[in-house]
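Worksheet for the structure shown next.
This is a predicted model, so every value here is computed, not measured. Numbers here simply count residues along the sequence, with the first being 1.
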Amino acid sequence: MYCCEKKCNICYFAISISLIVILLIWNVTLTIIVSNNNPAHINSFNYAPENLKAEGYITFDTNRVIEKNDITHLERSSDFIINKEGNYYVQFNTTIYEPPSTGKEATLSVYLEHNNATVYGTTVGQTVTNAYQTVNLNFAVIIKANSGDVLRIKNNSGTVVELLQPNIDIIRIK
């Protein structure tokens with residue numbers, strides 16, 4: 001490990017190549033999941049910031065991609081309706097802005113609901129200590145869903161938060 005202790009260019013090059021290979025493998029894997037006889041994909045997001053009430057649901061104002069009709073979402077709605085039973089990959093990300101009105105420590109948190117129940121492993125949050133602070137929240141999960149099931153993202157912060165460009169992908173994988 002003598003080489004790494006000196007932080008030489010060879011080590012940085014090897015680490016860079018390793019990271020590139022890992023990202024390529026991840027990209028190829030996700031491409032296979034999405035394109036391998038995948039009957040459905042939806043991507044929804046918001047252009048404008050959204051003030052989200054405590055315990056409120058995120059409404060997504062724009063459907064950027066809708067492939068097939070296995071998932072239904074009306075723009076400016078919070079509900080994603082599953083129309084075909086199967087396994088679904090759900091990925092979500094957003095930036096949450098701590099408004100200056102609070103100016104105190106708060107935990108900003110969201111989670112995925114599946115038929116009004118919290119999906120284990122999707123509750124994400126960060127504590128902010130100052131006004132005007134932003135945090136990034138994201139999760140990814142695979143769930144089994146039946147026809148008629150409802151998916152939505154809920155504010156778990158206990159306070160009003162401002163969301164900047166929330167984005168959700170739901171992909172039927174089988």
Side-chain angles (χ1 to χ4, degrees), residues 26 29-30 33-99 101-102 104-129 133-174:
W26 173 253
T29 302
L30 191 55
I33 288 171
V34 171
S35 64
N36 190 16
N37 298 322
N38 184 41
H41 176 209
I42 190 165
N43 171 258
S44 299
F45 68 101
N46 288 342
Y47 280 110
E50 177 181 359
N51 285 322
L52 185 60
K53 295 179 183 179
E55 306 303 317
Y57 294 99
I58 299 173
T59 57
F60 293 88
D61 64 19
T62 303
N63 292 328
R64 184 177 4 219
V65 174
I66 299 178
E67 293 182 18
K68 310 274 177 150
N69 62 354
D70 293 359
I71 309 158
T72 303
H73 174 256
L74 299 175
E75 292 182 339
R76 291 178 275 301
S77 163
S78 61
D79 295 357
F80 292 85
I81 312 298
I82 303 299
N83 297 321
K84 188 171 183 181
E85 178 181 332
N87 295 320
Y88 289 82
Y89 173 78
V90 181
Q91 179 180 12
F92 171 79
N93 62 69
T94 191
T95 299
I96 295 183
Y97 177 71
E98 171 65 4
S101 60
T102 62
K104 59 183 179 180
E105 185 173 292
T107 299
L108 308 179
S109 177
V110 298
Y111 63 84
L112 175 66
E113 262 190 12
H114 180 188
N115 292 337
N116 298 317
T118 303
V119 175
Y120 180 75
T122 64
T123 302
V124 292
Q126 290 190 30
T127 301
V128 295
T129 55
Q133 191 173 350
T134 59
V135 296
N136 296 315
L137 301 178
N138 56 66
F139 64 77
V141 67
I142 296 175
I143 62 167
K144 180 163 182 54
N146 295 311
S147 180
D149 285 2
V150 178
L151 304 175
R152 54 191 173 187
I153 309 292
K154 188 171 187 174
N155 176 7
N156 192 38
S157 302
T159 186
V160 174
V161 295
E162 185 173 339
L163 299 173
L164 306 175
Q165 297 181 330
N167 182 61
I168 188 167
D169 282 294
I170 304 173
I171 303 167
R172 184 167 182 272
I173 55 178
K174 287 237 180 200

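Looking at Asn138 and Thr94, their side chains never come closer than 4.5 Å, going by heavy atoms from C-beta outward. Put simply, the side chain of Phe60 reaches to within 4.5 Å of the side chain of Asn46, judged on heavy atoms. Using a 4.5 Å cut-off on side-chain heavy atoms (C-beta onward), Ile71 and Tyr88 make contact. At least one side-chain heavy atom of Val110 sits under 4.5 Å from a side-chain heavy atom of Val124.
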Go through Asp169 and Gln91 one step at a time and tell me if the side chain to side chain contact (heavy atoms under 4.5 Å, CB included) criterion holds.
CA-CA 5 Å; Asp169 282 294; Gln91 179 180 12; 4.3 Å; yes

Asn87 and Ile143: CA distance, side-chain angles, deciding distance, side chain to side chain contact (heavy atoms under 4.5 Å, CB included) verdict:
CA-CA 6 Å; Asn87 295 320; Ile143 62 167; over 6 Å; no

Apply side chain to side chain contact (heavy atoms under 4.5 Å, CB included) to the pair Val90 and Phe139, showing each step before the final yes or no.
CA-CA 8 Å; Val90 181; Phe139 64 77; 4.3 Å; yes

Let me see the working for Ile153 and Phe92 under side chain to side chain contact (heavy atoms under 4.5 Å, CB included), right down to the final yes or no.
CA-CA 9 Å; Ile153 309 292; Phe92 171 79; 4.1 Å; yes

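From Leu163, atom CG reaches atom CG of Leu108 across 9.5 Å, with rounding to the nearest 0.5 Å. Note that CG of Leu137 and OG of Ser109 are 7.0 Å apart. Values are rounded to the nearest 0.5 Å. Put simply, CD1 on Ile82 and CD1 on Ile170 are 5.5 Å apart, with the number rounded to the nearest 0.5 Å. To the nearest 0.5 Å, atoms CZ (Arg64) and NE2 (His41) are separated by 9.5 Å. Ile58 CD1 to Ser77 OG: the interatomic distance, rounded to the nearest 0.5 Å, is 12.5 Å. Here the CG-CG distance, from Asp149 to Asn115, works out to 4.0 Å after rounding to the nearest 0.5 Å.
His73 and Phe80 have parallel rings, their planes meeting at less than 30° on a 0 to 90° scale where 60° marks the start of perpendicular.
For the pair Asp61 and Tyr47, the tightest heavy-atom approach, listed with the atom from each and the gap, is OD1-N, 3.5 Å. Shown here for His114 and Lys144, the closest heavy-atom pair between the two residues is CE1-O, 3.2 Å. Closest approach of Tyr89 and Ile142 over heavy atoms only: CD1-CG1, 3.9 Å.
Look at Asp79 and Arg152 and you find a salt bridge, because one of the NZ, NE, NH1 or NH2 atoms lies within 4.0 Å of a carboxylate O, short of that distance.
For Glu50 (side chain) and Thr59 (main-chain N/O), a donor-acceptor pair under 3.5 Å exists by modelled atom type. Looking at Glu113, its side chain never comes within 3.5 Å of a backbone N or O of Lys154 through a donor-acceptor pair. Using modelled atom types, one side-chain atom of Asn155 and one backbone atom of Ser157 make a donor-acceptor pair closer than 3.5 Å. Using a distance-only test at 3.5 Å, with no hydrogens or angles considered, a donor-acceptor pair links the side chain of Thr122 to the main chain of Leu112. Judged by distance alone, with hydrogens and angles left aside, the side-chain atoms of Asn83 form no donor-acceptor pair with the main-chain N or O of Gly148 at under 3.5 Å. A donor-acceptor pair is defined here as one N or O able to donate and one able to accept, closer than 3.5 Å; such a pair exists between the side chain of Asn43 and the backbone of Ile168.
For NZ of Lys53, the number of neighbouring non-hydrogen atoms (other residues, nucleotides, ligands) closer than 6.0 Å is 12 at most.
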